[in-house]
Number of protein chains: 2
Amino acid sequence: MKKIKILLVDDHKLVRNGIKYTLESGRSAPFISSIDEAVNGDEAILKCKINRYDIIFMDINMPEKDGIAATKEILKNDQFTKIIALSMYDEDYEIRSMIKAGAVGYLLKNTGTEILDEAIQTIINGGKYYSNDVAIKLLEPNPGTSREKIKIIRETNQNESVLTKRELQILELIAAELTNEEIAAELNLSKRTIDSHRQNIINKLQVKNTAGLIKYAFKIGII
Amino acid sequence: MKKIKILLVDDHKLVRNGIKYTLESGRSAPFISSIDEAVNGDEAILKCKINRYDIIFMDINMPEKDGIAATKEILKNDQFTKIIALSMYDEDYEIRSMIKAGAVGYLLKNTGTEILDEAIQTIINGGKYYSNDVAIKLLEPNPGTSREKIKIIRETNQNESVLTKRELQILELIAAELTNEEIAAELNLSKRTIDSHRQNIINKLQVKNTAGLIKYAFKIGII
DNA sequence: AAATACTTAGGTATAAATACGCATTAATTA
DNA sequence: TAATTAATGCGTATTTATACCTAAGTATTT
């Protein structure tokens, strides 16, 4: 059996050490040939141009380049690399974005040896692996069998409540503590336009007010 | 030389593994007798009632009970335990709160073996250890020698623009997307009282509006 | 005992946000 | 090309938030 090459991408050394230690002490250890590290998305992309990795564990929230963008770019160059997302949070938006970007797995950082091994085995054999909490989150709203469900979600994904460019831009300015009037001035638009956008964003995200908007802005990492 | 007993407190298993691995592979390894783990502040407090630990590595942001509260409570029962704060972020507020709570060290999670060893040695010998970035943050605004500086900060701490209990409570409810009226109902107070508090908080924090409030709430980790 | 800070609450006013509906134009996609 | 979505803008109304002020009762600290 061919041994696998792994890349760990996370801006926190202790977390990288944690994964490394967990991998080296797990059931999959004999099948691993090397474990490389990168501190952010940019470095990960660079390393992928030099080496070929079988599995990449990718953190989502990182400075320089986040895991979602890095995943997209890496898979553009090499579709055979398997990318497993790693996150602190089981946030709907992050999960779906990573899946959309091409990740074949999603684990939370409170994962132990057994789950990590299971995920590696599954993915090496061409499967997909979502940790339990993540899967539950993903499959909550829809009926059908589990496999169908994931398919449904992928298809529905585009119609989902993801903001448009303009909306994102306005959300950023809201987060910068500007009023609608100030935003309008900034973008050379009517205040009423910003009113509408703001309302649409609130509806799309199903939040109640500005507080909800800012929390979402944090969630998707634009703050 | 007496071997030391260590407790790791963090809600993420990978992070606990990371610290453990880093400790076990470091220079301090021969001096460590055991490494115990807890997943949140509550469990840490409980474990401290059963065992005596020489050093506790304490995460700050955790569910159930955060690191600041846990630190206070643990030190109330045993002042000889040395607590080292561990955080993702070098946020002023967190650092100062942990120092105030009695932590003798503050490390960021991107710490490697060398720093970790250095910190342990320093603290075992009765010293205090702040990782470089943290120390810089702490000492930025004030003149004087480093030791004096820390003293100054401790004394100034109370006069600082930190929110009162009530204000924090209201900020949390604002972050939960409640309106002032709903908050008033929740706390059995007049809406006008909440209006006043909200205004005071905005003034204290020098932010412009709700967006600023929520960003601050994130910064201090109450979201 | 006096000073200080916290909590409470009201007066008054304006600014801003929220809610729903409608409509046009540009851009994208089927 | 037809259909859909994104971006723009306005009408109207209500609710919330922001701003600045005063002030009294409560704790806490000096």
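Residue numbering restarts at 1 for every chain, and letters A, B, ... go by the order of the sequence lines.
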How long is the line joining [atom1] of [X] and [atom2] of [N], in whole Å?
X       : N       : atom1 : atom2 : answer
I183(B) : dA17(D) : CD1   : C1'   : 11 Å
L178(B) : dT15(D) : CG    : P     : 18 Å
Q169(A) : dA6(D)  : CD    : P     : 16 Å
I214(A) : dA17(D) : CD1   : P     : 14 Å
I202(A) : dA17(D) : CD1   : P     : 12 Å
L187(A) : dG9(D)  : CG    : C1'   : 14 Å
K191(A) : dC10(D) : NZ    : P     : 11 Å
D195(A) : dG9(D)  : CG    : P     : 12 Å

- request: Scan side-chain atoms only and decide if N40(B) and D11(B) contain a donor-acceptor pair under the 3.5 Å cut-off.
  value: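 Not at all, the side chains of N40(B) and D11(B) share no donor-acceptor pair under 3.5 Å.
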
message: Side chains of Q199(B) and S196(B) only: does a donor on one sit below 3.5 Å from an acceptor on the other?
response: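 Note: Q199(B) and S196(B) side chains miss the donor-acceptor criterion.
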
Looking at [X], does any N or O in its side chain come under 4.0 Å of the phosphate oxygens OP1/OP2 on [N]?
X       : N       : value
S190(A) : dC10(D) : yes
R192(A) : dT8(D)  : no
R198(B) : dA17(D) : yes

- prompt: Hey, are the side chains of V15(B) and F57(B) touching, using non-hydrogen atoms and a 4.5 Å cut-off?
  reply: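 No. Closest side-chain heavy atoms not under 4.5 Å.
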
- prompt: Shortest non-hydrogen contact from G41(A) to A70(A)?
  reply: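 The answer is CA-CB, 3.8 Å.
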
task: Assign N209(B) to base, sugar-phosphate, or nothing according to its heavy-atom contacts below 4.0 angstrom with the strands shown.
output: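 Counting heavy atoms under 4.0 Å across all strands, the contact made by N209(B) is with sugar-phosphate only.
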
message: Please classify the nucleic acid contact of T193(A) as base, sugar-phosphate, or nothing, using heavy-atom distances under 4.0 Å.
response: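 The answer is base, as T193(A) lies within the cut-off (heavy atoms under 4.0 Å) of a base atom.
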
- prompt: Hey, is the side chain of S196(A) pairing donor to acceptor with the base of dC10(D) inside 3.5 Å?
  reply: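 Yes, the side chain and the base share a sub-3.5 Å donor-acceptor pair.
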
- request: Please tell me which of E181(A) and Q199(A) maps to the more 5' nucleotide of DNA chain C, matching each residue to the nucleotide holding its nearest heavy atom.
  value: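 Closest to the 5' end, via its nearest nucleotide, is E181(A).
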
- prompt: When the nearest nucleotide of DNA chain C is assigned to K165(B) and to N180(A) on a heavy-atom basis, which residue is associated with the more 5' position?
  reply: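 It is K165(B), whose closest nucleotide lies nearer the 5' terminus.
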
Hey, what do you get for [atom1] ([X]) to [atom2] ([Y]), rounding to the nearest 0.5 Å?
X       : Y       : atom1 : atom2 : result
Q169(A) : E186(A) : CD    : CD    : 8.5 Å
I84(A)  : I55(A)  : CD1   : CD1   : 5.0 Å
K13(B)  : L8(B)   : NZ    : CG    : 12.5 Å

task: Please find the earliest and latest nucleotides of DNA chain C, in the 5' to 3' direction, that have an atom within less than 4.0 Å of any heavy atom of chain B.
output: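 Endpoints of the contacted stretch of DNA chain C: dC6(C) to dT12(C).
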
